[in-house]
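A, B, ... follow the sequence lines: proteins, then strands. Residue 1 opens every chain.
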Number of protein chains: 2
Amino acid sequence: MDTRVLKYFLTVANTNNITKAAKQLHITQPTLSRQIMELERELDVALFDRTQRQLQLTKAGVLFQQRATTLLQLVDQTKDDLHQQEKELVGSVNLGCVASLASPFHDEDGQRLSKGVSGCPL
Amino acid sequence: MDTRVLKYFLTVANTNNITKAAKQLHITQPTLSRQIMELERELDVALFDRTQRQLQLTKAGVLFQQRATTLLQLVDQTKDDLHQQEKELVGSVNLGCVASLASPFHDEDGQRLSKGVSGCPL
DNA sequence: CACAATTACGTTGGACGTAAACATC
DNA sequence: GATGTTTACGTCCAACGTAATTGTG
């Protein structure tokens with residue numbers, strides 16, 4: 001699993017369109033299509049519904065969108081912290097939470113029943 | 001950033017020995033040495049102190065060890081959740097926390113001043 | 001000299017682009 | 001037929017292993 005592919009996925013998830021996403025990412029559309037397919041193969045789950053011409057995130061896709069966002073944020077913050085650790089004397093404490101889609105906070109359709117904490121990607 | 005390299009790093013961090021880590025990972029020692037060096041170049045920070053013959057984690061290395069562990073756990077849990085989301089109706093809520101090394105929970109040498117919550121990689 | 005990390009060098013799998021084929025409205 | 005995704009095919013880089021080199025106790 002590579003952060004590069006996570007960025008690819010999030011761009012497609014935001015646009016629901018591989019062609020537009022590829023332009024944003026400055027790569028070609030076939031390359032992006034292949035990378036998304038390989039990601040689905042690696043995770044062994046369908047992230048997009050391709051029955052329509054327009055791509056649509058599956059339930060698993062929505063879940064993975066949240067997790068991928070969290071992962072990239074943590075990576076970015078880590079890179080920052082590695083350089084700032086020597087300079088700053090007082091930092092911040094961040095709380096994050098992860099919930100399964102089928103937790104009591106969601107109904108059986110995966111709809112969210114409660115609002116997440118501010119800043120929490122639920 | 002690839003999870004493969006994170007696993008490489010954590011194995012070296014645990015053994016303080018590239019040769020032993022390489023055997024555990026079933027790769028050769030030069031390959032592992034190079035991957036660690038490239039990781040340090042990518043992060044633009046020294047993760048290991050090489051003044052001794054025995055490798056030693058730097059402060060940044062200790063911080064990255066914590067973050068890498070968190071990242072890999074989140075990736076693994078995500079893979080699980082993607083398959084379990086359709087089956088389970090009741091799941092669990094997990095809380096995680098991330099603190100900068102220089103936060104009030106650490107003194108100016110980066111030593112931990114308070115014990116983390118059970119299960120929290122601080 | 002023994003042990004451990006790095007450098008040198010050749011090989012190969014995978015990420016990429018171009019071109020063509022396929023699918024949906 | 002216009003728009004958008006997938007398949008085919010060739011190229012290139014980066015991850016790898018083997019061998020040689022350097023460094024430290």
Subject >> Sub-4.5 Å side-chain heavy-atom contact between B/Leu39 and B/Leu47 >> reply: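 Yes - at least one pair of side-chain heavy atoms lies under 4.5 Å apart.
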
Original post:
Do the non-hydrogen side-chain atoms of B/Glu40 and B/Val45 ever get within less than 4.5 Å of each other?
Top reply: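 With C-beta onward as the side chain, the pair stays apart.
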
Subject >> Modelled atom types, side-chain donor and acceptor of A/Gln24 and A/Thr11, under 3.5 Å >> reply: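 There is no such pair between these side chains.
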
Whole-Å distance separating the [atom1] atom of [X] from the [atom2] atom of [N]:
X       : N      : atom1 : atom2 : answer
A/Gln29 : C/dA15 : CD    : P     : 18 Å
A/Asn17 : C/dC25 : CG    : C1'   : 14 Å
B/Gln54 : C/dT6  : CD    : P     : 13 Å
A/Arg4  : D/dA15 : CZ    : P     : 10 Å
B/Ile36 : D/dA15 : CD1   : P     : 13 Å
A/Lys23 : D/dT5  : NZ    : C1'   : 14 Å
B/Leu39 : D/dA14 : CG    : C1'   : 15 Å
B/Glu38 : C/dA5  : CD    : P     : 17 Å

Under 4.0 Å between a side-chain N/O of [X] and OP1 or OP2 of [N], yes or no?
X       : N      : answer
A/Arg50 : C/dA23 : no
A/Ser33 : D/dT6  : yes
B/Thr19 : C/dA5  : yes
A/Gln52 : C/dC25 : yes
B/Arg53 : C/dT6  : no

Original post:
When all nucleic acid strands are considered with a 4.0 Å heavy-atom cut-off, which category describes B/Tyr8: base, sugar-phosphate, or nothing?
Top reply: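 Sugar-phosphate, backbone atoms only, no base.
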
**OP:** Given side chain to side chain contact (heavy atoms under 4.5 Å, CB included), test A/Arg4 with B/Asp2 step by step and report yes or no.
**Re:** CA-CA 8 Å; A/Arg4 185 189 73 259; B/Asp2 194 318; over 6 Å; no

**OP:** Have a look at the helix from C/dC1-D/dG25 to C/dC25-D/dG1 and give the angle its two end axes make, five pairs each, rounded to 10 degrees.
**Re:**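 Terminal axis comparison yields 30°.
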
**OP:** Verify the ring-centre separation between A/Phe48 and A/Phe9: is it less than 6.0 angstrom?
**Re:**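 Yes, the ring of A/Phe9 comes within the 6.0 Å limit of the ring of A/Phe48, centre to centre.
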
Subject >> Salt-bridge present (B/Arg67, A/Asp81; N to O < 4.0 Å) >> reply: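 Salt bridge present between B/Arg67 and A/Asp81.
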
**OP:** Walk me through it: do A/Ile36 and A/Leu32 pass the test side chain to side chain contact (heavy atoms under 4.5 Å, CB included)?
**Re:** CA-CA 6 Å; A/Ile36 296 296; A/Leu32 184 53; 4.2 Å; yes

Original post:
Nearest to the side chain of B/Thr31 - D/dG23, D/dC16, C/dT18?
Top reply: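 Selected nucleotide (nearest to the side chain): D/dC16.
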
Original post:
Looking at the side chain of B/Leu55, which of C/dA5, C/dT7, D/dG17 is the nearest nucleotide?
Top reply: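 Minimum distance to the B/Leu55 side chain belongs to C/dA5.
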
Original post:
Is there a donor N/O on one and an acceptor N/O on the other, under 3.5 Å, for the side chain of B/Arg34 and the base of D/dG17?
Top reply: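 Flag set: donor-acceptor pair detected.
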
